[in-house]
Amino acid sequence: MSASSDDRSSRRASARDVAVWDPLVPLIHWSLALTILLNGAILEEESNLHEWVGYPALGLVGIRLVWAIIGPQYARFTAFPPSPARAISYARSVLSGDKTVHLSHNPLGTIMIYNLWLTVIGIGVTGYMMTTIRFLASTGWKRRTS
């Protein structure tokens, strides 16, 4: 390698050296992952603890959505707008060998993030509904009391 290329590479930060995520984003990410792991694989579905772990999961998504409006540049919705057309184009480019680096989520990751948020919100809301008398009475479903 020549001296001039060494100088250029030492001045240019690699993608791994660029600070993108503020501390709140990974804290929410890993906390949400823990709540999903606990409720999906470890806790009994009918337990009170399952319900009480679900509420923070819903709250974490809520905080992240607010942060996507008021947070720093890379945490905002504008940094990763969902676009199925861009996701399909990105998938095709990856399959053809393109290795473009994205500082925020790539287009497929963006679709996955929005899907994850909507899924957690849906599960959280319907989970809460299952604890209400009005919902239980309207479905005719009886909860086990033993």
Side-chain angles (χ1 to χ4, degrees), residues 1-132 134-136 138-139 141 143-144:
M1 193 184 271
S2 69
S4 63
S5 66
D6 284 341
D7 291 341
R8 271 188 304 222
S9 64
S10 64
R11 285 191 309 248
R12 216 173 99 210
S14 74
R16 296 192 193 288
D17 297 333
V18 177
V20 174
W21 305 114
D22 62 282
L24 187 61
V25 171
L27 177 66
I28 290 173
H29 172 95
W30 290 110
S31 298
L32 183 59
L34 179 62
T35 63
I36 290 170
L37 174 67
L38 287 171
N39 270 352
I42 297 172
L43 300 175
E44 289 288 325
E45 290 180 21
E46 297 289 325
S47 73
N48 286 336
L49 190 54
H50 178 86
E51 289 178 30
W52 286 105
V53 169
Y55 296 131
L58 197 53
L60 287 165
V61 173
I63 292 167
R64 182 60 184 94
L65 293 176
V66 169
W67 199 240
I69 296 168
I70 65 171
Q73 176 186 357
Y74 293 112
R76 291 184 179 228
F77 286 127
T78 54
F80 52 101
S83 168
R86 285 181 58 216
I88 291 168
S89 174
Y90 175 76
R92 286 184 181 137
S93 68
V94 167
L95 291 173
S96 67
D98 184 10
K99 296 182 182 183
T100 302
V101 174
H102 296 264
L103 287 179
S104 187
H105 293 290
N106 65 50
L108 278 176
T110 296
I111 299 295
M112 183 272 312
I113 288 296
Y114 283 90
N115 180 38
L116 178 68
W117 288 340
L118 290 172
T119 300
V120 171
I121 290 168
I123 290 170
V125 168
T126 56
Y128 170 74
M129 288 171 58
M130 290 178 68
T131 67
T132 64
R134 173 176 249 158
F135 175 78
L136 293 175
S138 70
T139 63
W141 183 64
R143 190 173 191 171
R144 287 187 297 188

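- Taking 4.5 Å as the limit, some side-chain heavy atom of L116 sits within range of a side-chain heavy atom of I36.
- Atom-to-atom distance recorded for W52:CH2 and L38:CG is 16.0 Å, nearest 0.5 angstrom.
- Contact record, A75 with F80: O-CE2, 3.8 Å, taken as the closest heavy-atom pair.
- More than 12 heavy atoms of other shown residues, nucleotides or ligands fall within 6.0 angstrom of atom OH in Y55.
- Taking CG of L34 as the reference point, atom NE2 of H29 lies at 11.5 Å (rounded to 0.5 Å).
- The heavy-atom pair separating P81 from A79 by the smallest distance is CD-C, 3.7 Å.
- How far CD of E44 is from CG of L49: 11.0 Å, rounded to the nearest 0.5 Å.
- Using a 4.5 Å heavy-atom threshold, the side chains of P23 and L27 count as separate.
- Within the 3.5 Å criterion, the main-chain N or O of Y90 finds a donor-acceptor partner in the side chain of S93.
- Residues V25 and W21 share a closest heavy-atom pair of CG1-CE3, 3.7 Å.
- For the atom pair CG of N39 and CD of E51, the computed distance is 9.5 Å after rounding to the nearest 0.5 Å.
- Using modelled atom types and a 3.5 Å distance limit, the side chains of T100 and D98 yield a donor-acceptor pair.
- Summarising the geometry, atom NE2 belonging to H105 is positioned 12.0 Å from atom CD1 belonging to I111; distances are rounded to the nearest 0.5 Å.
- Note: L65 CG to W117 CH2 = 5.5 Å, rounded to the nearest 0.5 Å.
- For V120 against A57, the heavy-atom pair with the smallest separation is CG1-O, 4.0 Å.
- Nearest heavy-atom pair across L58 and I121 is CD1-CA, 3.7 Å.
- Remark: side-chain polar atoms of R76 are not paired, donor with acceptor, to backbone N or O of A68 under 3.5 angstrom.
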